[in-house]
Amino acid sequence: FGAFLSVAGSPLIYLFEKIFKLVSKSKLIDLSDTGNPLLRQLAEKAPGTFQHCLQVMNLADAAARAIDANVPLGRAGALYHHIGKTINPICFTENEAHGVKYHDGLTYKESAQEIIAHVSRGVALAEKYGLPSVIKDFILTHHGTSCTGYFYNKYLNEGGDPDDVADFYYDGVNPTTKEQVILMFCDAVEAASRSLKDYSHENISLLVDRIVDGKISDGQLIDADITLREIAVIKDTMKTYIQQMYHSRVAYPKRGRKS
């Protein structure tokens, strides 16, 4: 009888999700299947971005477990946060083909606007494919209202008007939940960690502290429901994970020839 009720009641889960805009754990797990059409598009059109999203997902998983946040939600959000990059993948360095420099010939403002567009494009794709609102929220909040630092700094360093910088800022929404904050941190830390030349514990620690503290001082967490203690735990978790991910490997000796 119990088995019968379970089978008969399973369609009601879908109905309740639609009526009350809820997302079940099973739905989040299904969304995290990298074989689904939208994630396959990301893997095929923007393979570098897809690998980044996988690493961010694993990093976010570890951070969410450390502060008892919603792990399935954090994993799904991490997988889809850069889905908008499928529209113009070569605009982003992780997808550039050898010898191709997409931003050559563009002004710094034009380049910044192309980078920023992946958020609105991601939201449009999420709506097209019927992704839940909680997933679209990750797309909207993973950069918050921050700026495209690389092109912003290049613009100012080459004499740009500091009062004319609106084009360098994301028109997003600041994160409000723990899971959204975790994604913002993990996205920035994972991307920045790839530029390190020395993966010592000290360098990784400095990198994580600089990025997280920068997000806080920039006002990105002003609306977030998260404590300082939880932020400290997230920072420690990211430091440990990055250190393990880039640990040194044993060099295998070559086999000597027998005389």
Query raised in the report: Any donor-acceptor pair under 3.5 Å linking the side chain of Tyr80 with the backbone of Leu31?
Result: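 Yes, the answer is positive, given that a donor and an acceptor are paired below the 3.5 Å cut-off.
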
Query raised in the report: Angle class for the His82/His118 ring planes (parallel below 30°, perpendicular above 60°, tilted otherwise)?
Result: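 Aromatic pair His82/His118 classed perpendicular.
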
Query raised in the report: With under 30° as parallel and over 60° as perpendicular, where do the rings of His142 and His81 fit, or are they tilted in between?
Result: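 His142 vs His81 ring planes: perpendicular.
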
Residues forming a side-chain hydrogen bond (donor to acceptor under 3.5 Å, both in side chains) with [X], sequence neighbours excluded:
| X | answer |
| --- | --- |
| Tyr241 | none |
| Ser111 | His103 |
| Tyr129 | Gln41 |

**Report entry** Point-to-point distance, once rounded to the nearest 0.5 Å, from CD of Gln55 to OG of Ser193
**Finding:**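 Going from the CD atom of Gln55 to the OG atom of Ser193 covers 8.0 Å.
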
Query - Spatial distance of atom CD1 (Ile135) from atom CG (Leu140) [nearest 0.5 Å] - result: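 One finds 12.0 Å between CD1 of Ile135 and CG of Leu140.
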
Does any part of the side chain of [Y], heavy atoms only, come nearer than 4.5 Å to the side chain of [X], both counted from C-beta?
| X | Y | value |
| --- | --- | --- |
| Phe185 | Leu221 | yes |
| Tyr152 | Tyr169 | yes |
| Met238 | Leu59 | yes |
| Ile115 | Cys91 | yes |
| Pro37 | Arg40 | no |
| Lys85 | Arg121 | no |
| Ser205 | Asp209 | yes |
| Ser146 | His143 | yes |

Query raised in the report: Is there a side-chain contact (heavy atoms from CB on, under 4.5 Å) between Ile216 and Ile231 once you walk through the steps?
Result: CA-CA 10 Å; Ile216 296 172; Ile231 291 174; 4.2 Å; yes

Closest non-hydrogen atom pair, [X] against [Y]:
| X | Y | answer |
| --- | --- | --- |
| Ala112 | Thr148 | CB-OG1, 3.4 Å |
| Leu183 | Ala78 | CD1-CA, 3.8 Å |
| Asp30 | Asn36 | O-ND2, 4.1 Å |

Requested in this report: Sequence neighbours left out, what pairs pass side chain to side chain donor-acceptor pair (under 3.5 Å) with at least one residue falling in residues 213-222?
Outcome: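 Qualifying pairs, neighbours excluded: Thr145-Gln220, Asp213-Lys235, Asp218-Gln220.
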
Requested in this report: Start with the C-alpha distance between Ile234 and Val212, add both sets of side-chain angles, then the distance that settles side-chain contact (heavy atoms from CB on, under 4.5 Å), and finish with yes or no.
Outcome: CA-CA 10 Å; Ile234 292 169; Val212 172; over 6 Å; no

Query - Ala192: partners by side-chain contact (heavy atoms from CB on, under 4.5 Å), with sequence neighbours left out - result: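 side-chain contact (heavy atoms from CB on, under 4.5 Å) list for Ala192, sorted by chain: Leu207, Ile211.
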
Query - ring-ring contact (aromatic ring centres under 6.0 Å, His included) assessment of Phe168 paired with Phe151 - result: CA-CA 8 Å; Phe168 294 96; Phe151 293 111; 7.9 Å; no

Requested in this report: Give every residue pair that meets the ring-ring contact (aromatic ring centres under 6.0 Å, His included) criterion with at least one member in residues 198-226, sequence neighbours excluded.
Outcome: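 Output for this query lists Tyr199-Tyr246.
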
Query raised in the report: Apart from Ile29 itself, what residues make up its hydrophobic cluster, given side-chain heavy atom links below 4.5 Å?
Result: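 Once heavy-atom contacts under 4.5 Å are chained together, Ile29 still belongs with nothing else.
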
Listed pairs under 3.5 Å, donor-acceptor, residues 60-77 side chains, sequence neighbours left out:
residue : atom : partner : partner atom : Å
Asp61   : OD1  : Arg65   : NE           : 2.5
Asp61   : OD2  : Arg65   : NH2          : 3.4
Asp61   : OD2  : Arg75   : NH1          : 2.8
Asn70   : OD1  : Leu73   : N            : 3.1

Query raised in the report: With a 3.5 Å cut-off and no angle check, do the side chains of Asp223 and Thr176 form a donor-acceptor pair?
Result: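 Side chains of Asp223 and Thr176: no pair found under 3.5 Å.
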
Query raised in the report: Just checking, any donor-acceptor pair under 3.5 angstrom between side chains of Lys45 and Thr86?
Result: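 No donor-acceptor contact under 3.5 Å links the two side chains.
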
Query raised in the report: Hey, is CD1 on Ile222 packed in by over 12 heavy atoms from elsewhere, all under 6.0 Å?
Result: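 No.
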
**Report entry** Sequence neighbours excluded - salt bridge (charged side-chain N to carboxylate O under 4.0 Å, His left out) pairs with any residue from residues 183-193
**Finding:**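 Found Glu190-Arg194.
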
Query - Within residues 152-176 or reaching into it, pairs that qualify as salt bridge (charged side-chain N to carboxylate O under 4.0 Å, His left out) - sequence neighbours excluded - result: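 Only Lys109-Asp164 qualify under salt bridge (charged side-chain N to carboxylate O under 4.0 Å, His left out).
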
**Report entry** Qualifying residues under salt bridge (Lys or Arg N to Asp or Glu O under 4.0 Å), relative to Arg210, sequence neighbours excluded
**Finding:**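 Counting only residues at least two positions away or on another chain, Arg210 forms no salt bridge (Lys or Arg N to Asp or Glu O under 4.0 Å).
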
Query raised in the report: Got a sec, which residues hit salt bridge (Lys or Arg N to Asp or Glu O under 4.0 Å) with Lys101, two or more places apart in sequence or on another chain?
Result: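 For Lys101 the salt bridge (Lys or Arg N to Asp or Glu O under 4.0 Å) partners, ignoring immediate neighbours, are Glu96.
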
